[in-house]
Amino acid sequence: MSTYWCEAAWLGRGQVEPGILIDTADGFVSAVVAGVGAPPPGATRLTGLTLPGFANTHSHAFHRALRGRTHAGAGTFWTWREQMYEVARRLDPDTCYALARATYGEMALSGVSAVGEFHYLHHQLDGTPYANPNALGEAILAAAADVGIRITLLDASYLHGGLSADGYLPLEEDQRRFGDGSADAWAQRLEELQPGPRAQIGAAVHSVRAVDPAAIAEVAAWAEGREAPLHVHLSERSEENEQCEAHFGCTPTGLLASVGALTDRLTAVHATHLTEDDIGLLGGAGAGICMCPTTERDLADGIGPSGALAAAGSPLSLGSDSHAVIDMFEEARAVELDERLATLERGTHGVDDLLAMATVNGYRSLGWTGGGILEPGALADMVTVALDSVRLAGAEAETAMASIVFAASAADVTDLVVAGEVVVRDRVHVSVDVASELAEAVREVTS
């Protein structure tokens with residue numbers, strides 16, 4: 001059992017209370033006591049404002065090696081993809097582990113207590129499995145365990161190299177290691193992956209460009225049968241919509257609906273280029289939407305209809321995706337600020353709504369029941385933000401939450417607790433030398 005005294009804490013829906021005592025036991029919050037003026041003996045003091053831990057719902061850990069190498073100058077999503085493939089060629093289980101561990105360490109320092117790893121890098125370069133067919137997935141799980149954060153490994157089916165008006169294309173050379181050959185082979189491999197105390201196994205369909213309708217139905221059935229999360233890249237690029245319309249006569253969202261994949265278990269990642277009917281289908285099904293604004297703007301993907309999706313009934317969550325930056329404050333405020341640019345209106349998403357995207361909605365998307373809230377019975381995950389930085393100086397009780405959402409950065413995170421255990425203390429990870437490990441891991445796969 002561990003006890004934490006919070007100088008102040010956000011308890012949801014506008015509630016910022018001073019002097020909050022949080023008791024934890026067996027990884028859960030056992031008690032929340034308000035009005036405690038000073039830390040009692042034995043309690044760990046959390047100075048600043050404490051929130052539920054952040055969920056980074058969509059990550060490709062190995063993309064972290066691209067930071068600073070793909071962001072300047074011209075190019076398109078497709079030229080960026082070629083640079084991403086070049087890094088992927090250099091990854092084996094050891095380098096994958098090192099890069100994921102360092103990337104998750106950066107997430108921990110940014111207040112991320114749970115990550116959804118959208119994992120499609122499965123086999124050797126020529127497409128043949130490793131002796132352990134899940135060597136890369138297990139390396140990622142081990143990396144998260146060593147860092148101390150929760151992970152949902154969203155193992156992705158990836159069967160085709162693209163979609164044209166005439167049908168699906170074969171995997172390209174650089175895509176061969178992504179594919180299992182069939183949805184059945186994917187499922188058989190997935191059965192060997194084991195969850196852990198802070199690890200879950202979920203499913204993913206890479207996209208309707210890479211997985212045909214029959215296989216999408218099989219993957220969705222696998223997730224449904226195991227009550228596991230299901231994620232999919234959806235309408236990230238307008239080209240995907242055009243290809244789907246040309247071959248199937250419907251949008252990607254319509255295709256998912258036609259094979260029974262559109263449920264409240266699904267999280268659609270990006271969902272940038274949608275029709276009104278698409279928005280209605282997604283909201284009506286209660287499907288979640290993961291928006292990744294820093295990646296979407298970096299790749300010039302466009303601005304998704306966040307306000308319309310939320311109004312239709314889709315819970316929104318956040319991901320740092322390609323890790324142009326890892327900063328959940330930036331992702332949260334970008335949803336509202338991008339919506340302002342797109343609609344010329346302010347205030348579509350309130351402060352509490354934006355924080356819910358970073359916390360409880362993300363935990364829901366990743367299958368972590370009871371996460372993203374601070375109340376008895378919840379997962380004992382919390383992040384503390386200092387209020388004395390130059391970014392937040394002058395924030396008072398009534399403005400603290402708006403100041404954090406619209407001005408804080410990952411550098412303001414001081415402490416992270418996951419499952420009741422300290423992971424980051426006073427801006428330092430307790431077991432990972434993050435900066436040096438990042439530098440070495442990136443150098444290994446880019447030099």
Side-chain angles (χ1 to χ4, degrees), residues 57-58 77 116 118 163 204-209 211 213 216-217 220 223 229-297 299-319 321 331-350 352-354 356-358 360-362 364-365:
T57 308
H58 188 68
F77 171 88
F118 197 109
L163 178 62
V205 169
H206 180 272
S207 60
V208 301
R209 292 184 292 106
V211 186
I216 293 172
L230 173 65
H231 287 217
V232 59
H233 291 126
L234 182 69
S235 293
E236 179 178 7
R237 304 287 303 178
S238 58
E239 295 96 326
E240 177 183 309
N241 291 8
E242 294 162 3
Q243 293 158 359
C244 194
E245 288 276 7
H247 186 65
F248 292 111
C250 63
T251 65
T253 302
L255 183 63
L256 293 177
S258 73
V259 298
L262 214 57
T263 71
D264 61 3
R265 191 174 302 283
L266 180 74
T267 295
V269 181
H270 304 302
T272 305
H273 302 280
L274 302 177
T275 66
E276 288 188 15
D277 286 344
D278 291 339
I279 293 168
L281 285 170
L282 289 160
I289 307 295
C290 177
M291 311 203 84
C292 308
T294 62
T295 292
E296 289 150 8
R297 68 193 184 197
L299 297 178
D301 285 339
I303 299 172
S306 62
L309 284 162
S314 287
L316 306 185
S317 59
L318 306 169
D321 192 358
E331 302 294 347
R333 62 176 161 260
V335 173
E336 165 63 15
L337 298 180
D338 286 356
E339 181 76 356
R340 294 179 186 185
L341 288 175
T343 65
L344 304 183
E345 296 180 359
R346 304 178 74 204
T348 299
H349 305 288
D352 284 326
D353 295 325
L354 296 171
M357 295 176 200
V360 64
N361 291 2
R364 170 197 175 275
S365 170

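Here the structure is a predicted model, which means the values were calculated and not measured.
With rounding to the nearest 0.5 angstrom, the CZ atom of Arg265 is 10.0 Å from the CZ atom of Arg364. Note that CG of Asp301 is 8.5 Å distant from OG1 of Thr295, once rounded to the nearest 0.5 Å. Note that OG1 of Thr343 is 4.5 Å distant from CD of Glu339, once rounded to the nearest 0.5 Å. With rounding to the nearest 0.5 Å, the separation of CD in Glu236 from CG in Asp321 is 6.5 Å. Once rounded to the nearest 0.5 Å, the distance linking OG of Ser314 with CG of Leu282 reads 5.0 Å. With rounding to the nearest 0.5 angstrom, the CG atom of Leu234 is 12.0 Å from the SG atom of Cys290.
Checked by atom type and distance alone, the side chain of Glu296 never pairs as donor or acceptor with a backbone atom of Gly302 at under 3.5 Å. Under a 3.5 Å cut-off, the side chain of Glu331 and the backbone N or O of Thr294 do form a donor-acceptor pair. The closest donor-acceptor contact from the side chain of Asn361 to the backbone of Leu316 lies under 3.5 Å. Judged purely by atom type and a 3.5 angstrom limit, Glu336 uses its side chain to pair as donor or acceptor with the backbone of Thr348. A distance-only check finds a donor-acceptor pair linking the side chain of His231 to the backbone of Ser365 [under 3.5 Å]. Listed for the Thr57 side chain is a donor-acceptor partner under 3.5 Å among the backbone atoms of Leu318.
The shortest side-chain heavy-atom distance between Ser306 and Asp338 does not fall under the 4.5 Å cut-off. Annotation: side chain of Phe248 is not in contact with side chain of Gln243 (no heavy-atom distance under 4.5 Å). Side-chain contact between Thr251 and Asp277: absent, with no pair of heavy atoms (C-beta onward) separated by less than 4.5 Å. You'll find the side chain of Leu255 reaches within 4.5 Å of the side chain of Ser258, heavy atoms only.
Counting only residues at least two apart or in different chains, ring-ring contact (aromatic ring centres under 6.0 Å, His included) contacts with residues 250-289 comprise His58-His270, His233-His270.
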